[in-house]
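All residue numbers refer to positions in the sequence shown, counting from 1.
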Amino acid sequence: MTTVLIVDDQALQRLGFSMLLEQYADLTVVGEATHGAEAVRMTAELRPDVVLMDVRMPGMDGIEATRRIVHSGGRSRVLVLTTFDLDEYVYAALQAGASGFLLKDALPDELISGVRAVASGDSVIAPGLTRKLIDAFTERMRSQSPDQERRLSALTEREREVLTAMATGWSNAEIAERLHLAESTVKSHVSRVLSKIGARDRVHAVIFAYDTGLVRPA
């Protein structure tokens, strides 16, 4: 059972998300928070698997709440929900430790899949927006870090291929097919890549690939 905490200052949004999630036997809503400070407190108390986090809220916003939740060291992972596909707050959310983001107008199946992916330790970015987001993010955040170069050099040739494929937006199944590998082998490569480059999850591995110049915006 995947437990979810919904964080949004709009009651109608919370109700809609709750009704949707509760339709699935493997998902359950354990609480609702109306602002960031409440989200931090309830996450500490309830320890949900996933926190569905709105960005713009009165008082403590979703960015600061995400930062505090992630830095607390608990198991809860944050999935940011935003109205705008290139809301600049999303960049800050990823820096704060969010495991990805979806648009509030995402299809129900996309939201459910996103929650399940984040709960399982994967990451998610709104479909069709990966390149758009990463391009904009790296334009703002690009740096020439010796530490990043050291971590990149630790990868084998095959691991670089896998990281490049991840940054292109390929799923594990697509990587397996195109590199002629078993999907279980791809999963092992992905795990080693994340460990070697110090990336928390797939989203941050993609950012790392762009930031180091391994992959460049089209």
Task: Contact list for residues 9-25, test side chain to side chain donor-acceptor pair (under 3.5 Å), sequence neighbours left out - done: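 Matches after skipping sequence neighbours: R14-E32.
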Do you know which two heavy atoms are closest between [X] and [Y], and how far apart they sit?
X    : Y    : value
T2   : A119 : CG2-CB, 3.6 Å
L163 : A205 : CD1-O, 3.5 Å
A98  : T66  : N-CG2, 3.7 Å

When you compare the side chain of [Y] with that of [X], does any pair of heavy atoms fall below 4.5 Å?
X    : Y    : result
V55  : D61  : no
L52  : L102 : no
P48  : T43  : yes
F17  : L111 : yes
R192 : T156 : no
R202 : N172 : yes
L214 : F208 : no
L179 : R158 : yes

Are any side-chain N or O atoms of [X] and backbone N or O atoms of [Y], one a donor and one an acceptor, separated by less than 3.5 Å?
X    : Y    : value
S153 : R150 : yes
S195 : S191 : no
R47  : R75  : no

For [X], which residues count as a salt bridge (Lys or Arg N to Asp or Glu O under 4.0 Å) partner, sequence neighbours excluded?
X    : value
R77  : D201
K104 : D8, D54
D105 : none
R160 : none

Distance, nearest 0.5 Å, that separates [atom1] of [X] from [atom2] of [Y]:
X    : Y    : atom1 : atom2 : answer
M60  : H35  : CE    : NE2   : 9.0 Å
R116 : D26  : CZ    : CG    : 4.0 Å
I112 : L21  : CD1   : CG    : 4.5 Å
E159 : T164 : CD    : OG1   : 11.5 Å
D109 : L20  : CG    : CG    : 8.5 Å
L46  : T3   : CG    : OG1   : 8.5 Å

Open item on the list: Can you confirm whether more than 12 heavy atoms, excluding those of M1, are under 6.0 Å from its CE atom?
Closed with: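 Check passes, neighbour count above 12.
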TODO: Show your reasoning for whether side chain to side chain contact (heavy atoms under 4.5 Å, CB included) applies to V4 and D49.
DONE: CA-CA 6 Å; V4 182; D49 298 307; over 6 Å; no
Task: Evaluation steps, side chain to side chain contact (heavy atoms under 4.5 Å, CB included), between V7 and M57 - done: CA-CA 9 Å; V7 185; M57 295 178 290; 3.6 Å; yes
Task: Of all pairs that satisfy salt bridge (charged side-chain N to carboxylate O under 4.0 Å, His left out), the ones with a partner from residues 162-183, not counting sequence neighbours - done: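 Sorted result for residues 162-183: empty, none.
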- [ ] Going by the side chain to side chain contact (heavy atoms under 4.5 Å, CB included) test, name the single residue among L5, I6, V78, L81 that passes it with M53.
- [x]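 Between M53 and the candidates, side chain to side chain contact (heavy atoms under 4.5 Å, CB included) is satisfied uniquely by V78.
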